[in-house]
Amino acid sequence: MCTAVSFKTNSHYFGRNLDLELSYGEKAVIVPRNFVFNLRKLPALSEHYAMIGVAAVFADTPLYYDAVNEYGLGMAGLNFEGNAVFREFEPEMDNVTPFEFIPYILGQCKTVAEAREMLANINLVNEAFSPELPLSPLHWIISDKKESIVVEPMADGLKVYDDPVGVLTNNPTFDKQLFTLNNYRTLSPKTPENTFYPGVELDTYSRGMGTLGLPGDLTSSSRFVKAVFTKAHSVCQPDENSSVGQYFHILGSVEQQKGCCDVGNGKYEYTIYSDCYNTDKGIFYYKTYENSQITALDMHKVDLDGHTFTSYDLLETQQINYAN
Ligand SMILES: C[C@H](CCC(=O)NCCS(=O)(=O)O)[C@H]1CC[C@H]2[C@@H]3[C@H](O)C[C@@H]4C[C@H](O)CC[C@]4(C)[C@H]3C[C@H](O)[C@]12C
C-alpha cells in the first residue's frame, strides 16, 4: 500500500509513503538535463528537464518511483494490482513503457496542464524493463502547485481523472475512491451537536468525537479517506520547517508499522520510506523506516547541465540526538 499527497502552504509540497515488504535498493537520484534516457519505442530523450526523486538503478538506468522536475511538476507511481492493463503497441500513438513514464512526463512537461495534453497521445505499452523486473501494475498521480490528476491504465485506454483532493492510494479505481468520501461528509474536527436524540443527554466524554467513524485500518480505501481528512484539516505555519514537519505528520496518519500487514512467508508490508518534495525549490526531504531523522537533498546543488546522474543511498541508520 502506498499513499501520495499534494499539499500547499507558502510552497507546494508533494510526496508519498512507499509501503512494501521488500526493497529494490532504491536511492535518491538527480538526473541532469543532458542525461540520455534511451526509450524503447521512441527516440531517446537526450535534452529534457532535470529531475530529483527515488529510483531503483538497473543497467545504468534510474527507474523512478516518484520524482519532481525543476519546474515543480511531481509524479508518483502506486500499486494498482488487478486493474492496471498495459496494451499492445499502437503505431499511431506515443508508445511509452511504464518504467519510462515518469521521466517521459517530467522530462518534457512543466505543468499538469501540459502533462494532460501529452497524455492524450500516450499508449502505455506492455513491455517490461527485463525478465527480472517485470511490468509493475501501477497508476500515477501528477501534481503541480495548481492541481492534481490521476492516470489509470485500463483495458480500454488511459483514464485521466481530476484529483480535487490531491491524494492517491491504491485500489479501487479513482472514481470509486472519490465516491467513498460521500460516506464521511459529516465528519469534522469539531465536537458535534447531539442531532442523534435532541433532549436526551449524550455526553461528549472525549475530544475528537467529530472524527468518530474515520477509518484507521490499513486498506487502501481507508487510507485514502484518512489521508484526505487529515490533509483537509491540517493547520500549520507556512514556513519551510513547519510545512515539511506537518507534511510528514499527514503521511504519518497512514503509515504502516512492521507487523500489522502480513503478506505471507514471514514478510510484512511497512512504510519503507516517506518523502516530501518542496516542488518550488527542488528540495527532496525523506525519512526511512529505520531512520526517523529528516534528510534533505537540493537538486540545485548539482550541475543540472551535466550528462550523468548523481545517486545517494538512502540513510537507514537511526540518528538519535542524546540530550545528556
Ligand atoms: C510496489 C511499489 C508501489 C508501492 C505500493 O503501492 N504498494 C502497495 C501494495 S498494495 O497495493 O497494497 O498491494 C512500486 C512503486 C514504483 C515501482 C518500481 C518502479 O516502477 C521501477 C521499477 C519498474 C520495473 O518494471 C519493476 C521494478 C521497479 C523497481 C518497480 C517495483 C514496484 O512495482 C514499485 C516499487
Side-chain angles (χ1 to χ4, degrees), residues 1-5 14-29 31 37-41 51 53-68 74-86 96-106 124-142 150-153 167-174 176-177 215 217-227 251 254-258 260-265 267-275 286 288-289 309 311 314:
M1 295 171 257
C2 281
T3 307
V5 176
F14 176 79
R16 62 106 56 83
N17 282 343
L18 188 287
D19 305 334
L20 205 59
E21 66 280 13
L22 58 95
S23 157
Y24 293 84
E26 50 277 347
K27 298 172 189 299
V29 180
V31 166
F37 282 108
N38 287 309
L39 304 178
R40 296 280 169 95
K41 311 286 179 193
M51 59 196 83
V54 177
V57 179
F58 289 97
D60 253 346
T61 311
L63 303 174
Y64 273 114
Y65 300 15
D66 51 86
V68 158
M75 185 162 172
L78 288 82
N79 234 24
F80 195 42
E81 184 85 46
N83 276 312
V85 175
F86 301 115
V96 178
T97 69
F99 61 85
E100 296 164 343
F101 193 33
I102 291 182
Y104 190 78
I105 294 292
L106 297 190
L124 285 180
V125 68
N126 56 5
E127 180 160 322
F129 182 74
S130 65
E132 298 74 36
L133 296 174
L135 286 164
S136 286
L138 301 177
H139 58 173
W140 291 266
I141 178 169
I142 307 178
V150 168
V151 182
E152 303 203 316
V167 173
L168 182 66
T169 61
N170 308 104
N171 285 340
T173 53
F174 192 68
K176 296 199 180 97
Q177 292 281 34
D217 64 86
L218 301 177
T219 62
S220 43
S221 52
S222 293
R223 281 181 290 105
F224 185 73
V225 175
K226 179 96 187 273
L251 286 185
V254 287
E255 81 175 355
Q256 295 198 58
Q257 298 76 19
K258 257 186 206 172
C260 296
C261 179
D262 187 336
V263 296
N265 297 326
K267 294 204 169 18
Y268 297 91
E269 182 165 305
Y270 66 101
T271 302
I272 294 183
Y273 69 81
S274 304
D275 63 22
Y286 74 91
T288 62
Y289 195 80
F309 62 81
S311 67
L314 298 184

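In each ligand, atom 1 is the first atom listed, and ligand 1 is the first ligand listed. Computed from a prediction, not measured in an experiment: that's the story for all the values here.
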Ligand 1 contact on [X] by region, counting heavy-atom pairs under 4.0 Å:
{"X": "Pro134", "result": "backbone"}
{"X": "Leu138", "result": "side chain"}
{"X": "Tyr24", "result": "side chain"}
{"X": "Leu20", "result": "side chain"}

Quiz item: Considering all heavy atoms of both residues, which atom of Leu22 and which atom of Ile272 are nearest to each other, and what is their separation?
Solution: O-CD1, 3.2 Å

Practice problem: Please name the pair of heavy atoms, one in Ser220 and one in Thr169, separated by the smallest distance, quoted to 0.1 Å. | Solution: O-OG1, 2.8 Å

Quiz item: How are the rings of Tyr270 and Tyr289 set relative to one another: parallel (under 30°), tilted (30 to 60°) or perpendicular (over 60°)?
Solution: perpendicular

Looking at [X], which atoms of ligand 1 are within less than 4.0 Å of one of its heavy atoms?
{"X": "Asn79", "result": "1 (C), 3 (C), 5 (C), 6 (O), 7 (N), 8 (C), 9 (C), 10 (S), 11 (O), 13 (O)"}
{"X": "Asp19", "result": "4 (C), 5 (C), 7 (N), 8 (C)"}
{"X": "Tyr65", "result": "16 (C), 18 (C), 19 (C), 29 (C), 35 (C)"}
{"X": "Leu78", "result": "6 (O)"}
{"X": "Gly77", "result": "15 (C)"}

Quiz item: Knowing that exactly one of Asn171, Thr173, Asn170 qualifies, which makes a side chain to side chain donor-acceptor pair (under 3.5 Å) with Asn83?
Solution: Asn171

Quiz prompt | Between Arg223 and Thr3, a side-chain donor and acceptor under 3.5 Å | solution = yes

Quiz item: Below 6.0 angstrom between ring centroids: does that apply to Tyr273 and Tyr286?
Solution: no

Practice problem: Could you tell me whether Ser136 and ligand 1 have an N or O pair separated by under 3.5 Å? | Solution: yes

Quiz item: When only distance counts, is Arg223 in polar contact with ligand 1, meaning an N/O pair under 3.5 Å?
Solution: no

Practice problem: To the nearest 0.5 angstrom, please state how far the CG atom of Asp66 sits from the CG atom of Leu106. | Solution: 10.0 Å

Quiz item: Would you find more than 12 non-hydrogen atoms of other residues, nucleotides or ligands less than 6.0 Å from Asp217 atom CG?
Solution: yes

